[in-house]
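This report concerns only the one structure given below.
Remember, it's 1-based here, ligands and their atoms both numbered in the order they're listed.
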Amino acid sequence: MSPARTRVSPHGPRGRPGTGVVPSRQNGVRVSPYDPRCHSAEGTRSVIPVARCPSALGAMWSPAPLCALGRRRPGPSAPLQPLTRLLQREYRQKTPTRLLQREYEAKTPFCLPQREYREKTPFCLLQKEYEAKTAFCLLQREYRELPLPGQGWGRTQHLPPRRFLSKKPKSKRHPKTFPVLDGHVPAVYQHVFEENLRNSEAVIKRYSELLERVKKGGGEHAILRHTQRNKKVFVRERLRLLLDGIGRICGVWCVFIASDATVKGGTIYPIGVKKQLRAQEIAMENRLLSVHLVDSGGAFLPLQSELFPDKLHGGRIFYNEAIMSAMGIPQVAVVCGSCVAGGAYVPTMAEESVIIDKIGTLFLAGPPLVKAATGEDVSPEDLGGARLHSQVSGCSDHFAPSEEEAYECIRNVVSTLNCEPVPEQDREPDSPLYSPEELLGLAPLGYSCTLPVKLVLSRLVDGSRFQEFKATYGTTLVTGFGHVEGHLVGIVANNGELAHDAALKGSHFVQLCGQRGIPILFLQNTAPQPAGPASISQAEAHSNRLKAQASMMAAVACAAVPKITIVIGGCFGSDSYIMCGRSFSPNFLFLWPNARVGLVDSQHFPTVPPAGDWTGEELELKQLKAKLEEESSAFYSSARLWDDGIILPQDTRKVIAQCLEIMEQKKYQAVSPRPQPIIRM
Ligand code: COA
């Protein structure tokens, strides 16, 4: 059977640009190329084969678009050579129609606002902001802007970035040539050491007592009700079942957000919202997988005005879940109890979730509300139990018959996330030459009990080796490089008042770390605010210091490298900003239990007579001092999430090393940002 003849046009059929097949005529009758009459008996459409096409227009025809639509399979009779394909593609891109079409599309009133709109969505803005701040982007941008010899600014040559970020683990072996610090506590300081030691033991005792209280959740009665009546596992036991050890699943560092249902039914308080938002912030900054164990009655209703309406209130948790998913940060959830109202959105917005039979329920309003609204009696299981959500609603992706199986399942899910743990190093790093236990005597009781900070450094860095920068200039700030469990860090440590020279030195050093892509460790022990100037020359010195401090503040704020701040003593006044306090967004911020946080130090207030007939003013002063004392304690700060927790001085080295490893992990992730989150269908 002879094939029906068709004409080939560069413009394609009307309404279908680019296919290159136009309506033709058969026996004088106009037919469409999509008309069955254009097809041969074998069901394939007849066209002039490219190889035999005498005109260049024949190159317009390509079976590929039709194959994609499922209309025709490419026949073996018309194989396309790679060069032909390339020519075809190039030609197609350059036809007047295409060019016109592209130009037209770019200028239509619809396209312009659409593009503008797309660029202004919160996700794009966040992504752009995030990307613009990563060390690599900053380095790359900075490099691109450098002039080539003989060229002006703004070259655009495609040159390799200044520093390649390799996925290969960096060797933690480092030359043992950094000078060794002398960590012996001189005899003249012995009494200060002992005083600090006594204070450290007292605050650590208080810290242990508070921790014990926290670990008991809602108390013994509530735990019994949770485990015996509700047949659930206590939250800390759940984490033990889930984790490899500290904070990892399958070797991958994760962020865990777990409700403790023994405290007010696991409902979310304003501080709980703040804690979840901070956990998500850590996950976003360090690209950490988030695991939610949800067992919550939703918002704590009596405080609804403090956790519902504002931008950084409850709803932000769900907003962040979407943004994080689009950023390529996976989130998984286990429904291991009631997930009511707000509590229900967390697992429903997670990328993958597991629900536990007879324990997990998920609904916007529970049976009591259904009863109140409709008068109907319904069991939690029928309203939103594990079977319903696994078999009918699809709100959950995995059904687990027991808690143990649910955690096993979520570990399996994590193993599918294509996220590699940081490879282990084959060599043990050197320990410091001095015992970390001695840090208890170096943790200052007050600013007047501060010992030289190099004594602290000698108990933190590998082999007590430290490459000091500007050792004899601005000595009230110690700057230099060291290794913590094999990780190279730049260290900035207070060693007295942050004077003019010290601030200039700090500014220089922080920029060096930023340029070299080295994480910075701030050891903060800032001085309480100095008294006002007594003379003109003093006022001048203050102004100079202010300028130097402002430059260091700018350097710290803009250093696009990971930062860890440990407050080892005082965190006072504006000096604390310069030393990367909370408002300067360090990736992690921890306090030693002896730390004191405040705008002013109560010890600077005039002393009140110990007892007796106090005047009204003295009594007021005494109360003010007591209030300030309490509000400046590390426990007061930590309980309000002004930091990421209290750590014991002797654990500092381990904690810093873990933080550095957590921040390094993002290099081993395969998933990259997507234009939109995973949406549960
Ligand atoms: N707001 C304030 N308090 C709440 C609360 C809420 N949304 N939900 C529970 N609580 C409190 C209870 O008053 C109780 O307090 P108590 O320890 O001082 O006695 C405690 O949480 C435990 O509640 P209880 O009902 O005894 O525990 P349970 O394990 O049997 O049930 C829930 C827990 C969460 C399933 C159940 O309390 C519930 O359905 N609460 C309502 C949830 C809701 O409607 N939330 C809407 C938020 S917008």
Quiz prompt | Nearest heavy-atom neighbours spanning A333 and A350 | solution =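 Closest approach of A333 to A350: CB-CB, 3.9 Å.
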
N/O pairs closer than 3.5 Å, ligand 1 and protein:
from: ligand 1; atom 1: 1 (N); to: L301; atom 2: N; distance (Å): 3.1
from: ligand 1; atom 1: 7 (N); to: A299; atom 2: O; distance (Å): 3.1
from: ligand 1; atom 1: 18 (O); to: K264; atom 2: NZ; distance (Å): 2.7
from: ligand 1; atom 1: 21 (O); to: K264; atom 2: O; distance (Å): 3.4
from: ligand 1; atom 1: 21 (O); to: G265; atom 2: N; distance (Å): 3.2
from: ligand 1; atom 1: 26 (O); to: R225; atom 2: NH1; distance (Å): 3.4
from: ligand 1; atom 1: 29 (O); to: N230; atom 2: ND2; distance (Å): 3.3
from: ligand 1; atom 1: 30 (O); to: R229; atom 2: NH2; distance (Å): 2.8
from: ligand 1; atom 1: 45 (N); to: G297; atom 2: O; distance (Å): 2.8

Self-check item: Residues, nucleotides or ligands: over 12 heavy atoms within 6.0 Å of Y269 OH
Solution: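 Counting other residues, nucleotides and ligands, OH of Y269 exceeds 12 neighbours.
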
Quiz prompt | Other residues, nucleotides, ligands: >12 heavy atoms within 6.0 Å of K622 NZ | solution =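 Atom NZ in K622 is not packed in, count stays at 12 or less.
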
Self-check item: E631/K627 salt bridge by N-O under 4.0 Å criterion
Solution: yes

Practice problem: Salt-bridge test for D643 and R582: reply yes if a basic N is under 4.0 Å from a carboxylate O, no otherwise. | Solution: no

Practice problem: Consider only side-chain N and O atoms of W592 and T652, and report whether a donor and an acceptor are under 3.5 Å apart. | Solution: yes

